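Structure first, commentary second.
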Amino acid sequence: NLLAGGFRGTIHAVDPHHRKILGHKAVPTLTAAKAKIDLAVIATPCDTVVSLLNEGGAAGVRSAVLLTAPPGDPAQAKPWERDILAATRKHRIRLLGPEAFGVIRTDIGLNVTVGGGQALPGRLALVTQSGAICSALIDFATNDGDMRAGRRSQQTREAAKWLRAAYREALKARAEP
């Protein structure tokens, strides 16, 4: 999604096992990027997250999106979340996650989500706890009325209609001087 969204900033791929990821040079660690990283997007096994946050914090990272889900066992998930909180507090990192759907900023082409599509540019903001709702609303707003995903109730059709209209109004307002 980041590449397809047309992001105009610099992308630093980080992977200790690969030299290239999707055509981008990869470095083994965040510190090896030798650059200021504005936003770290973490999609790694849960047992690596805390060390990555600590490494990122030491390298100056101040924002992160954590796509990784917590451990499945609640007895492991609670201490994992406490350790994440401690690392983000220690390094003053603003964190979205764990198990975040992601973030989209159409004005800069930023799409770091686990969703399957691109949002159209505009001034409509959506904040939701539910990745499923976010994904569905983006789909409704960009699909020009095609309601493919299963049986829809009248309320769902009306909500989708309203969202598409609001989205189009936001796009129209953005185009006006």
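These numbers were taken from a predicted model, which means no experiment stands behind them. Positions are given from 1 along the sequence.
Legend: salt bridge (charged side-chain N to carboxylate O under 4.0 Å, His left out) pairs involving residues 17-27, not counting sequence neighbours: none detected. Residues in residues 89-106 take part in these salt bridge (charged side-chain N to carboxylate O under 4.0 Å, His left out) pairs, two or more places apart or across chains: Arg105-Asp107.
To the nearest 0.5 angstrom, Asp83 atom CG is 11.5 Å from Cys46 atom SG. Annotation: the span from Phe101 atom CZ to Leu96 atom CG amounts to 11.0 Å, rounded to 0.5 Å.
Side chains of Pro98 and Thr68 form no contact here, defined as non-hydrogen atoms less than 4.5 Å apart. At a threshold of 4.5 Å between non-hydrogen side-chain atoms, the residues Asn54 and Ser51 do not count as touching. Looking at heavy atoms from C-beta onward, Leu110 lies out of side-chain contact with Ile104 at the 4.5 angstrom threshold. In this structure the side chain of Thr113 never reaches within 4.5 angstrom of the side chain of Val103, judged on heavy atoms. At a threshold of 4.5 Å between non-hydrogen side-chain atoms, the residues Trp80 and Val49 count as touching. For the pair Asn111 and Phe7, the minimum side-chain heavy-atom distance is 4.5 Å or more. No side-chain heavy atom of His91 sits under 4.5 Å from any side-chain heavy atom of Leu53. Counting heavy atoms from C-beta on, the side chains of Val65 and Ile42 never come closer than 4.5 Å.
When the side chains of ILVMFWY residues are joined at heavy-atom separations under 4.5 Å, either directly or via intervening members, Leu85 and Ile93 end up in two distinct hydrophobic clusters. By the criterion of side-chain heavy atoms lying less than 4.5 angstrom apart, applied directly or through intervening Ile, Leu, Val, Met, Phe, Trp or Tyr residues, Val50 is grouped together with Leu95 in one hydrophobic cluster.
Scanning for side chain to side chain contact (heavy atoms under 4.5 Å, CB included) contacts around Ala26 gives Ala13, Ile21, with sequence neighbours left out. Among residues two or more places apart in sequence or in another chain, the salt bridge (charged side-chain N to carboxylate O under 4.0 Å, His left out) test is passed with Arg62 by none. Applying the salt bridge (charged side-chain N to carboxylate O under 4.0 Å, His left out) test to Lys36 and every residue at least two apart in sequence or in another chain returns Asp38.
In terms of heavy atoms, Thr31 sits closest to Ala59 at CG2-CB, 3.8 Å. Here the shortest heavy-atom pairing between Ala43 and Leu67 reads CB-CD1, 4.0 Å.
Not one N or O on the side chain of Thr48 forms a donor-acceptor pair closer than 3.5 Å with the backbone of Thr44.
Val14 belongs to a hydrophobic cluster whose remaining members, ordered by chain and number, are Val27, Leu30, Ile37, Val61; membership requires side-chain heavy atoms of ILVMFWY residues under 4.5 Å apart, directly or through intermediates.
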